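The structure appears below as structure tokens.
Sequential numbering from 1 along the given sequence is applied to the chain's residues. On a predicted model such as this, the values are computed, not experimentally measured, just so you know.
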Amino acid sequence: QVQLVESGGGLVQAGGSLRLSCAASGRTFSRSTMGWFRQAPGKEREVVAAISWSGPFTNHADSVKGRFTISRDNAKNTVYLQMNSLKPEDTAVYYCAADRTVRAWGVLPLRAGEYDYWGQGTQVTVSS
């Protein structure tokens, strides 16, 4: 079992930055692929980024490449999402998710249905 708590959301002007954190509890965190997803009103939940349990493999959605960076610190049971050059279209509730399946080396699930544990979400609002 993994429990996830996100923090770091808020209101920021376009062009600004935020860093989201996701604190995980549970002894399996270090072997869990982690992902960040977001959901805007009236839209489906979409993947933002994912990171392998060992850390070297990451994948970022095309819409955030070059602006967002996912990272993790297994010693702190925490995964981060650094968001720079924010745009109004980044406005959404951001969710942290954990995959309980130990994936093969380099495999990164990118669909919400492949993740088993979810945080409560944190609101990010970017004003123009």
Side-chain angles (χ1 to χ4, degrees):
Q1 186 80 13
V2 177
Q3 294 180 327
L4 306 171
V5 179
E6 303 100 333
S7 61
L11 173 64
V12 64
Q13 289 188 332
S17 298
L18 285 174
R19 188 175 82 154
L20 304 184
S21 298
C22 174
S25 62
R27 59 188 176 90
T28 61
F29 172 79
S30 62
R31 300 299 300 273
S32 297
T33 300
M34 301 297 296
W36 284 100
F37 289 77
R38 67 186 180 186
Q39 188 166 19
K43 295 188 176 181
E44 293 186 356
R45 190 168 298 190
E46 63 175 3
V47 66
V48 176
I51 186 167
S52 62
W53 62 268
S54 60
F57 298 106
T58 62
N59 197 326
H60 296 77
D62 288 342
S63 59
V64 306
K65 278 182 181 176
R67 300 188 299 122
F68 292 10
T69 303
I70 189 172
S71 62
R72 68 189 294 163
D73 185 338
N74 286 343
K76 295 182 178 180
N77 279 8
T78 302
V79 62
Y80 304 97
L81 184 68
Q82 178 66 44
M83 306 187 294
N84 299 326
S85 302
L86 282 159
K87 304 175 181 180
E89 51 264 44
D90 295 318
T91 296
V93 177
Y94 283 70
Y95 297 91
C96 174
D99 172 19
R100 67 182 175 188
T101 302
V102 180
R103 302 287 176 174
W105 187 254
V107 175
L108 287 176
L110 298 177
R111 294 178 298 178
E114 296 180 284
Y115 288 80
D116 304 286
Y117 305 106
W118 293 84
Q120 82 288 353
T122 185
Q123 176 70 45
V124 171
T125 303
V126 184
S127 63
S128 58

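The pair Lys65-Asp62 meets the salt-bridge criterion, with a side-chain N (NZ, NE, NH1 or NH2) lying under 4.0 Å from an Asp/Glu carboxylate O.
Pairing each heavy atom of Gln120 with each of Val5, the nearest pair is OE1-CA, 3.8 Å. Of all heavy-atom pairs between Cys96 and Val79, the closest is SG-CG1, 3.7 Å. Taking both residues in full, the closest heavy atoms of Arg67 and Ser85 are given as NH1-O, 2.9 Å, listed atom of the first, atom of the second, then distance. Here the shortest heavy-atom pairing between Asn84 and Gln82 reads OD1-NE2, 2.9 Å. Here the closest heavy-atom approach between residue Ala24 and residue Leu4 is recorded as CB-CD2, 3.6 Å. Residues Thr78 and Ser21 share a closest heavy-atom pair of CG2-CB, 4.3 Å.
The environment of CD in Gln3 is sparse: at most 12 heavy-atom neighbours from other residues, nucleotides or ligands sit within 6.0 Å.
You'll find the side chain of Met83 stays beyond 4.5 Å of the side chain of Asp90, heavy atoms only. For the pair Thr33 and Tyr115, the minimum side-chain heavy-atom distance is below 4.5 Å. A heavy-atom distance below 4.5 Å is found between the side chains of Arg45 and Trp118.
Here the OG-CZ distance, from Ser52 to Arg103, works out to 12.5 Å after rounding to the nearest 0.5 Å. Considering NE2 of His60 and CG of Leu108, their distance stands at 10.0 Å, rounded to 0.5 Å. Note that OG1 of Thr91 and CD of Gln123 are 7.0 Å apart. Values are rounded to the nearest 0.5 Å. Considering CD of Glu114 and CG of Asp99, their distance stands at 7.5 Å, rounded to 0.5 Å. In this structure, the separation between CG on Leu81 and CD on Glu6 is 11.0 Å, given to the nearest 0.5 Å. One finds the CG atom of Leu18 at 9.0 Å from the CZ atom of Phe68 (value rounded to the nearest 0.5 Å).
Val93 and Leu20 fall into different hydrophobic clusters, where Ile, Leu, Val, Met, Phe, Trp and Tyr side chains are chained together by heavy-atom contacts under 4.5 Å. Cluster annotation: Tyr94 and Val2 are assigned to the same hydrophobic cluster (Ile/Leu/Val/Met/Phe/Trp/Tyr, side-chain heavy-atom contacts under 4.5 Å, transitive). Taken together through direct or relayed side-chain contacts under 4.5 Å among Ile, Leu, Val, Met, Phe, Trp and Tyr, Ile51 and Phe37 form parts of separate hydrophobic clusters. Val124 and Tyr95 are assigned to two separate hydrophobic clusters, defined by single-linkage of ILVMFWY side chains at heavy-atom distances under 4.5 Å.
Each of Leu110, Ile70, Val47 was evaluated against Asn59; a single residue qualifies, Leu110, per the side-chain contact (heavy atoms from CB on, under 4.5 Å) test.
Checked by atom type and distance alone, the side chain of Ser128 never pairs as donor or acceptor with a backbone atom of Pro88 at under 3.5 Å. Side-chain atoms of Glu46 do not come within 3.5 Å of backbone N or O of Arg38 as any donor-acceptor pair. Remark: side-chain polar atoms of Tyr80 are not paired, donor with acceptor, to backbone N or O of Thr69 under 3.5 angstrom.
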